[in-house]
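Sequence positions, counted from 1, serve as the residue numbers for this chain.
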Amino acid sequence: MVAARDLFAELLPIFQRVLGPDHPVTLIARQHLARWTGRAGDVVAARDLFAELLPIRERVLGPDHPATLTARRDLAYWNRRARFRRRTRRARRTH
């Protein structure tokens with residue numbers, strides 16, 4: 001999982017430079033980076049990456065495009081995971 005995240009972290013700037021920041025392939029790479037970041041254990045960073053991606057997808061593809069809806073769903077998922085992790089840490093500190 002960490003290896004996948006690291007590979008997408010390396011690929012993203014290349015896609016941005018060669019294809020541009022709004023190109024569909026670049027946006028897919030951003031989505032993969034966000035997802036693998038979360039799967040590697042950094043749920044807060046995953047949430048933040050999806051929060052950055054969603055408005056770009058909305059602007060480029062429109063609010064009802066399937067890829068935009070997927071980004072919205074993924075943002076909700078990682079947001080929920082980040083909130084759960086924060087509550088769990090807070091509960092551990094009080095015990």
Verify same cluster id: [X], [Y] (apolar side-chain graph, 4.5 Å):
{"X": "Y77", "Y": "F50", "result": "yes"}
{"X": "L12", "Y": "V60", "result": "no"}
{"X": "M1", "Y": "L49", "result": "yes"}
{"X": "L61", "Y": "F15", "result": "no"}
{"X": "W78", "Y": "W36", "result": "no"}

Donor-acceptor pair, [X] side chain versus [Y] backbone, under 3.5 Å?
{"X": "T70", "Y": "P66", "result": "yes"}
{"X": "T68", "Y": "G62", "result": "yes"}
{"X": "R57", "Y": "A67", "result": "yes"}

Closest contact, heavy atoms only, [X] versus [Y]:
{"X": "A46", "Y": "T37", "result": "N-CG2, 3.9 Å"}
{"X": "I56", "Y": "R30", "result": "CD1-NH1, 3.2 Å"}
{"X": "P63", "Y": "L69", "result": "O-CD2, 3.6 Å"}
{"X": "A40", "Y": "V2", "result": "CB-CG2, 3.9 Å"}
{"X": "L54", "Y": "A71", "result": "CD1-CB, 4.1 Å"}

- Are any of the side-chain heavy atoms of R59 and D22 separated by less than 4.5 Å? yes

- Item | Interatomic spacing from CZ in R80 to CG in L75 - rounded to 0.5 Å | 11.0 Å

- What is the distance from atom NE2 of H23 to atom CD1 of I28, rounded to the nearest 0.5 Å? 9.0 Å

- Query: Would E10 and I14 count as a side chain to side chain contact (heavy atoms under 4.5 Å, CB included) if you check the C-alpha gap in whole Å, the side-chain angles of each, and the deciding distance to 0.1 Å?
  - Reply: CA-CA 7 Å; E10 289 177 23; I14 297 167; 5.7 Å; no

- Query: Between R5 and D42, is the closest basic N to carboxylate O distance under 4.0 Å?
  - Reply: no

